[in-house]
Amino acid sequence: MKHRLFSFGISLVMVAMAFASTYNHIEQEKPATSAPAIHKPKATETPESGSRPSYRIDATYHPERDEVTAKMEVTVPNRQREAWREIYFHLYPNVFRKWKYGEESKPSKPGHIQVHQVKVNGQPVKEKLVRDEIMKVPLREPLTQGRSARITMDFTLRLPHGGTRLNTFKQTAFLAQWYPMMAVKDRGGWQVEPYTTVGDPFYSEISDFTVTFRMPKGYRLISTGRNADTTSSVVTVKQDRVRDFVAVLTKDYRKQSAKSGRTDVNLWYLPDMERSVKPLLEAAVQSMDFFGEIYGAYPYDEVDVVLGETGFGIAGMEYPGLITSIPTMATEKGIQPAVSVVAHELAHQWWYGVVGNNQAKEPWLDEGLTTFSEFLFMKEKMKSDEQEFLRRATQKTNEIHQAAGITCVDTLYSYPDMVYGLMVYIRPAAMMFELMDEIGRENVLKIMRTYYEQYQFKTATTQDFIRVANRTAGKELTPFFHKWLYFGK
């Protein structure tokens, strides 16, 4: 299994590098800018349709010039007491214009997004770039509680080559964080954290999407929404109650499908990946069955697994209704299908997709619970027990904390590149297995089920998780979590 690439006799740097190399979505560059002060968000109530953001996007793909042109309308409700005077949007593609991060993840061709003709309720306004990847849209009049604003804009997306997540490869375009994404406004204010290639700085709230793609003949669409099994040049997809909308436009990918309960599980692959298709499709169904049984039902009709090694950070990422994975990985038994990567990314459908958190503020909360879920699946269904690895990794995190004061509950921007995975993924997973030893497997799974039920389609915090654990277990577990997460005595 990939985690045994660790060698605990070598230096700390080499240890963390070995871990980082096995997860394509744990990247190894420090942010070029420091993070702003980030306030603790409170959990919000689940809005009904009409009281959550609603996006309508009409996009045309021009592969001959690596470009997407689009019109977007987003209806933005204010459910907060405070009146809003502006609304912020993330323009993530702009980080690919002048790359500020590592050379290994630098795109071979730059990309960017340009927004124009912005209107609020039909009236033109002048948008302003606060940073390259943050846009402020002023409101002509304050948006008070219970009212909505309709914001329209046109945008042109120039796709990078070899980008991180956003990318083109042969006859395939990977569209991740590709449209102007409304920032979250919580009790801490507008959350406009800067981009970083360390981890996943993408904090968004549950929204509704209707997206139309206009593509050249022969392309097909894979997306967050339910896929139309067609190569029609115009496809419209509607998906409610998701945090983001990702799409893959392709002429090259093939598909095999199976069922997990009522959910269609699609595995998309390139012709030279055929040996991995059967075991990874089986693993995808098994893991969806497993997580659905122990945590609660997956709420959507479909999930897509897209295999690819098509750019730095492309394979091994989670999105609502769609994940990417490498097809194979190095193990003690040689090159094997990447079962654990598929299981990890599908667990994110529960911990990130349905139960959200501020991934920049508290990255352990989705990654730690997801890694625990992956390890539990591998142990119980794949007979791969990594308890000794977890024990050694825990000792290494103790040494890191003693030397540098780093904990599991730091912000994304606080971690040195090389220890991010150990603190955010591995130690929290070890913590949950230790909790199973203390209060029993069924009690831990009851905590996870209750947490899933209470924070479905909401945003949770570390304190929310601990509160659910205390109430569900019927005992005070705060000292236990304080020891593991905060390194308290």
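Values reported hereafter were calculated over all heavy atoms of this structure, with side chains retained and with hydrogens, waters and symmetry mates removed.
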Using ring-ring contact (aromatic ring centres under 6.0 Å, His included) as the criterion, list what pairs up with [X], not counting sequence neighbours.
| X | value |
| --- | --- |
| Y300 | Y298 |
| Y451 | W351, Y455, F465 |
| F372 | F433 |
| Y352 | none |

- So, for P110 and R97, which heavy atoms are closest and what is the spacing to 0.1 Å? CB-O, 3.7 Å
- Picking from L175, I113, N167, what satisfies side-chain contact (heavy atoms from CB on, under 4.5 Å) with L159? L175
Regarding [X] and [Y], do their side chains bring together a donor and an acceptor under 3.5 Å, going by distance alone?
| X | Y | answer |
| --- | --- | --- |
| N94 | E133 | no |
| T250 | W268 | no |
| Y295 | S373 | yes |
| H161 | S108 | no |
| R427 | T397 | yes |

- Apply salt bridge (charged side-chain N to carboxylate O under 4.0 Å, His left out) to K379 and list each qualifying residue two or more places apart in sequence or on a separate chain. none
Before accepting this row, confirm whether a basic side-chain N of the pair [X]/[Y] lies closer than 4.0 Å to the acidic partner's carboxylate O.
| X | Y | answer |
| --- | --- | --- |
| E318 | R243 | no |
| K383 | D385 | no |
| K361 | E193 | no |
| K109 | D66 | yes |
| D264 | K259 | yes |

Residues in side-chain contact (heavy atoms from CB on, under 4.5 Å) contact with [X], at least two apart in sequence or another chain:
| X | result |
| --- | --- |
| P299 | V354, Y452, F457 |
| A297 | none |
| A183 | Y88, H90, W190, V192 |

- Item | Close aromatic pair by centroid cut-off 6.0 Å: Y55 and Y179 | yes
- Could you tell me whether H344 and F377 have their ring centroids closer than 6.0 angstrom? no
Selection [range] - residue pairs positive for salt bridge (Lys or Arg N to Asp or Glu O under 4.0 Å), sequence neighbours left out:
| range | result |
| --- | --- |
| residues 154-164 | E67-R158, K71-D154 |
| residues 295-308 | R262-D301 |
| residues 281-299 | K278-E282 |

- Message: With a 3.5 Å distance limit and no angle check, can you tell me whether W350 reaches the backbone of G292 through a side-chain donor-acceptor pair?
- Response: no
- Can you check whether D252's main-chain N or O pairs, donor with acceptor, with Q171's side chain at less than 3.5 Å? no
Show every donor-acceptor pair shorter than 3.5 Å between a side-chain atom in residues 209-217 and any protein atom, with sequence neighbours excluded, or say none if there are none.
from, atom 1, to, atom 2, distance (Å)
T212, OG1, T236, OG1, 2.7
R214, NE, D58, OD1, 2.8
R214, NH2, D58, OD2, 2.9

- Message: Just verifying a value: how many Å separate T394 OG1 and I426 CD1, rounded to the nearest 0.5 Å?
- Response: 9.0 Å
- Assess whether salt bridge (Lys or Arg N to Asp or Glu O under 4.0 Å) is satisfied between E388 and R392, documenting all intermediate values. CA-CA 6 Å; E388 177 60 20; R392 294 189 180 190; 2.9 Å; yes
